[in-house]
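Here is the structure we will look at.
Only heavy atoms go into these numbers, but all of them, side chains included; no hydrogens, no water, no symmetry mates. Order of the sequence lines fixes the chain letters, A, B, ..., with proteins taken first and strands second; residue numbering starts at 1 for each chain.
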2 protein chains.
Amino acid sequence: MTQQRRVILEELQKLDSHPTADEVYERARRRLPRISLGTVYRNLEILSECGLIQKLELGGTQKRFDGRVENHCHVRCIRCGCISDVPMAPLTTIENRLRGTSDYEIIGSRLEFIGVCPQCKKEH
Amino acid sequence: MTQQRRVILEELQKLDSHPTADEVYERARRRLPRISLGTVYRNLEILSECGLIQKLELGGTQKRFDGRVENHCHVRCIRCGCISDVPMAPLTTIENRLRGTSDYEIIGSRLEFIGVCPQCKKEH
DNA sequence: TTCTCTTTTGAGAATAGTTACTAATACGGA
DNA sequence: TCCGTATTAGTAACTATTCTCAAAAGAGAA
């Protein structure tokens, strides 16, 4: 656990905004001005493999990262692209239903809602 | 509706394999050897705006395209990356439940299952 | 058909996000 | 402390996609 890795983890856990890799990079740079973007990518990958953070491969062009690891869903704003958590029971019911009818071995699911966030609704 | 656009649409509707843009390009090239990759991307974009095809922005690095436009979900194989359809009622119930509790204006949802396809299971 | 205007094309350059490479540095255990 | 491994910063390379632009193809009017 290097200094860089610790800072990346801490900054991510501090936020609930599901930042992209370069947003994490900007924040980490305030504390470690010489950190490189490659280090941020590498450590985000390692931390998500260890299960300390979550890598979100949802719609949009960039990956996002989440300091919360419990199973939960997200809403993406179609206008500004921001992402929020949705407090909701996991989809185990649906997954189990699928297990009965599909030839696939079902491991999990990924559910994302699309909408307009309160801020963008206001500005309409 | 140019020759190129028609061929791209036909090839996509012929398949149920949710091809990536370069897979569509390969197929279109068999019928129009001089077609360019840019043309394929441009037309896939236009066709999905018209609602003639569906653009899938699911997990993974590449976008995929679907000749079926009805609302349905997908399973992605975690090993080989292939994608299949899941016959399943749309998530309107869940979406409506969320409409009551979220500040977002909910427009839709995107549900993807993760699993292992029959082929990969066999090869284990 | 022919003329004109708009759209689309092919080819290649440009871009964005991410990953890989490498020499130098930091870390951790004996 | 020394030594071997892991990690770093910096940069180059890569991949998927989008953009640019001159040339070609359509589409509609005469």
- Once the angle between the rings of A:H74 and A:H18 is folded into 0 to 90°, is it parallel (under 30°), tilted (30 to 60°) or perpendicular (over 60°)? perpendicular

For atom [atom1] of [X] and atom [atom2] of [N], their distance in whole Å:
X: B:Y25; N: C:dT9; atom1: OH; atom2: C1'; answer: 13 Å
X: A:R6; N: D:dT8; atom1: CZ; atom2: C1'; answer: 15 Å
X: A:E57; N: D:dA16; atom1: CD; atom2: P; answer: 14 Å
X: A:L44; N: D:dT7; atom1: CG; atom2: P; answer: 15 Å
X: A:I35; N: D:dT7; atom1: CD1; atom2: P; answer: 14 Å
X: B:L47; N: C:dT7; atom1: CG; atom2: P; answer: 17 Å
X: B:I8; N: C:dG10; atom1: CD1; atom2: P; answer: 8 Å
X: A:Q62; N: D:dT17; atom1: CD; atom2: C1'; answer: 14 Å

- Whichever of A:L32 and B:T61 has the more 5' nearest nucleotide on DNA chain D, that residue is A:L32

- Message: Taking salt bridge (Lys or Arg N to Asp or Glu O under 4.0 Å) as the criterion, tell me which of A:K55, A:K63, A:R5 meets it with A:E45.
- Response: A:K55

- Task: At under 4.0 Å between heavy atoms, which parts of nucleotides 19-28 of chain C does protein reach? Answer with one letter per nucleotide, 5' to 3': B base, S sugar-phosphate only, - none.
- Result: B---------

- Do A:S109 and A:E95 get their side chains close enough for a donor-acceptor pair, meaning under 3.5 Å? yes

- Message: Test your reading of the model: is there a side-chain donor-acceptor pair from A:K122 to the backbone of A:C117, 3.5 Å cut-off?
- Response: no

- Query: Any sub-3.5 Å donor-acceptor pair from A:S102's side-chain atoms to A:R99's backbone N or O?
  - Reply: no

- Under 4.0 angstrom between A:Q4 side-chain N/O and D:dA9 OP1 or OP2: yes

- Message: Side-chain N or O of B:R5 versus OP1/OP2 of C:dT8: is the shortest distance under 4.0 Å?
- Response: yes

- Message: Classify B:D22 by what it touches in the nucleic acid, base, sugar-phosphate, or nothing, heavy-atom distance under 4.0 Å.
- Response: nothing

- Item | Flag if over 12 foreign heavy atoms under 6.0 Å of CG, A:D22 | yes

- Query: Does B:R29 reach the side chain of B:E11, with side-chain heavy atoms less than 4.5 Å apart?
  - Reply: no

- Would you indicate which nucleotide in C:dT8, D:dT8, D:dA9 comes nearest to any side-chain atom of A:S36? D:dA9

